Number of protein chains: 2
Amino acid sequence: MPVRADAQRNAARVLAAARRAVASTGLDVSYHEIAREAGVGVGTVYRRYPERDHLMAAVLSDILTELIDTAHQALDCDDAWEGFSLLFTGLALRTAQNAGLSGSLDQHGGPTVAQQRHELLDLTRRVIERAQDQGRLRRDLAWQEVLRLTGAPAVQGCVLGLEPDPAQGHHLVLTVLLDGLQTG
Amino acid sequence: MPVRADAQRNAARVLAAARRAVASTGLDVSYHEIAREAGVGVGTVYRRYPERDHLMAAVLSDILTELIDTAHQALDCDDAWEGFSLLFTGLALRTAQNAGLSGSLDQHGGPTVAQQRHELLDLTRRVIERAQDQGRLRRDLAWQEVLRLTGAPAVQGCVLGLEPDPAQGHHLVLTVLLDGLQTG
DNA sequence: AAAAAACGGACCGATCTTGTCCGCTTCCAC
DNA sequence: GTGGAAGCGGACAAGATCGGTCCGTTTTTT
C-alpha cells in the first residue's frame, strides 16, 4: 500500500512551513506555529516528526542541499573571483535569512546533516583557495576566516533606528565586504 | 531624609543587570530575569521602575552616553580616517553587544533618549563626512548607508558551525569592512 | 530601640508550549 | 459506489513562564 496522496502533500507543506518558521523565529519555534503556518493541525506535525530533532534535521538538510548546489555552480565558474562572489553572496543571504539558527547545528541534526555540512565546507574551501591562487582574493585571511565573514550581513537592526532596508541593506554590506576582500 | 544606602546600591545593581540582560536577551527581557541577574527580588525592580519604558530608557541612555563620548573623541582626532575608524569600531561593537535591541528605540525611551540619539546621529554624520572630505572614505555611500554597515558585525553565529570567536571575529569583520570602505 | 524605608520572594491569574487523544474526513482498493 | 484503513484536525490536559502584587522580614537611620 503506497503512501496516501494527502499525506505526501501535507508532508511537503509541513517541511516548507518549518523552514519559513525557523527562518523567522528560530530553532525554538513551537510546533503549533509551524502547524498554523502550514495550515494543518498540530497532530499532523507531531505525527510526521515525533522527535523535534528529526524536524530540525530535515529543515537544515534542505538548506544545506541548496547551498551545496550553489557551491558546485561556483566551482564551475572559470573566473575564480566570480565563483567566489557567487558563493559568498549565497552563504551570506542564507545566513541572514536563517539568523535564528545560531551555531546549534551540532545539537540538532543527525549524521546526514553532519555529512552535508562537511561536504559544503569542503566545496567552500576549494572555492576560496582557488580565488586566492588566482590572486583575486586577499591572502591574509585563512579560508575559515573568510567563511566567518559571510555571517556579517546577518543584521537584525541597528541601534540607531535606521530602518534596515532588507533589499538594499544586504546588497550594500555585501558590496563593501567583497571590495574589502578583493586584492588591491 | 536622604536616600538609603542599600537602596542606592541596589539601584545601581539593577541598572547594570538590566544592561546585561537587554544585551543578551533583548528589550523584551522579563523583570524576573533582570532581578535574578541583579541578585535582588522582583519587587525591588518593580519598585525602582514601575514602568517598563522608564527602565528601557535608562538602559538606552546609558549606552548612548558612552557612544556620544566616543563620537567626541573621534572628532578630536586630526586624522579623519583614524577618527572614523574609532567611531565605526565603537558603533559596531556596541551594536553587536546589544544585538537584541533591534530598531525598537523609537517605542521605548522618552525625550531624553530621542535627544541623545539625535546628538549621536549628528556627531556621526560629521565624522563620516569629514573622512569623505579628506578623500579617505568612499564617496559612493551616503553617510546613512555607512552607518548602516556598523550593524554588519552583529553576528550571532554561523550556519556552518564555525565557532564565532567573539574576540577575533569582530576584529576580522571590522578589518575587512574598513578596508572595503577606504578609498582605493 | 523604635520607626521608617526597603527588601525578597511566595503567590495569583493570564498566556503560551508540549504532547495526547479521539471523533471526523479523505483516500484507495475492490 | 462503498467499506474500511489511513490520515487529519483541533480540543484538551499538564507544565512552564510572564507580568504584577502584597506582606512578613530585614536593614537603615535617627
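Within every chain, numbering begins at 1; the chains are lettered A, B, ... in the order of the sequence lines, protein sequences first and strands thereafter. Worth saying up front: this structure is predicted, and the values here are computed from it rather than measured.
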Of Ser30(B) and Asp6(B), the one whose closest DNA chain D nucleotide lies more 5':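 Taking each residue's closest nucleotide, the earlier one in sequence belongs to Ser30(B).
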On DNA chain D, does the nearest nucleotide to Ala5(B) precede the nearest nucleotide to Val29(B) from the 5' side, or the other way round? Give the residue.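 Counting from the 5' end, the first nearest nucleotide belongs to Val29(B).
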[N] [atom2] sits how many Å from [X] [atom1], rounded?
X	N	atom1	atom2	answer
Arg36(B)	dG8(C)	CZ	C1'	14 Å
Leu55(A)	dT18(C)	CG	P	11 Å
Asp28(A)	dA16(D)	CG	C1'	14 Å
Gln8(A)	dT26(C)	CD	C1'	15 Å
Glu33(A)	dT15(C)	CD	P	18 Å
Arg48(A)	dG9(D)	CZ	P	10 Å

Run the salt bridge (Lys or Arg N to Asp or Glu O under 4.0 Å) test on Arg125(A) and Asp122(A) for me, step by step, so that the C-alpha distance in whole Å, both residues' side-chain angles and the decisive distance to 0.1 Å come before the verdict. CA-CA 5 Å; Arg125(A) 181 185 52 75; Asp122(A) 184 61; 2.7 Å; yes
Derivation and outcome, side chain to side chain contact (heavy atoms under 4.5 Å, CB included), residues Phe88(B) and Leu137(B): CA-CA 12 Å; Phe88(B) 190 90; Leu137(B) 177 63; over 6 Å; no
Quick one: label Arg9(A) by what it contacts on the DNA or RNA (base, sugar-phosphate, nothing), any heavy atom closer than 4.0 Å.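 Answer is sugar-phosphate: Arg9(A) comes under 4.0 Å of backbone atoms only.
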Only pairs under 3.5 Å count here: list side-chain donor-acceptor contacts from residues 59-66 of chain A, not counting sequence neighbours, and write none if there are none.
from	atom 1	to	atom 2	distance (Å)
Ser61(A)	OG	Gln116(A)	OE1	2.6
Ser61(A)	OG	Gln116(A)	NE2	3.4
Asp62(A)	OD2	Arg19(A)	NH1	3.3
Thr65(A)	OG1	Ser61(A)	O	2.7
Thr65(A)	OG1	Gln116(A)	NE2	3.0
Glu66(A)	OE1	Arg94(A)	NE	3.2
Glu66(A)	OE1	Arg94(A)	NH2	2.5
Glu66(A)	OE2	Arg19(A)	NH1	2.9

Give the B/S/- string for nucleotides 20-26 of chain D, one per nucleotide from 5' to 3', where a protein heavy atom under 4.0 Å of the base yields B, of only the sugar-phosphate yields S, and otherwise -. BB-----
Is there a donor-acceptor contact under 3.5 Å from the side chain of Arg48(A) to the main chain of Val14(A)?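 Between the backbone of Val14(A) and the side chain of Arg48(A) there is no qualifying donor-acceptor contact (under 3.5 Å).
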Examine distances only and state if a side-chain atom of Tyr49(A) and a backbone atom of Leu15(A) form a donor-acceptor pair shorter than 3.5 Å.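 Side chain of Tyr49(A) to backbone of Leu15(A): no pair is present.
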Side chain to side chain contact (heavy atoms under 4.5 Å, CB included) partner of Gln73(B), chosen from Ile68(B), Leu86(B), Leu87(B), Val127(B):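 Running side chain to side chain contact (heavy atoms under 4.5 Å, CB included) over Ile68(B), Leu86(B), Leu87(B), Val127(B) with Gln73(B) returns exactly one hit, Leu86(B).
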Reckon Asn10(B) has a side-chain N or O less than 4.0 Å from the OP1 or OP2 of dC7(C)?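 Yes, such a contact exists.
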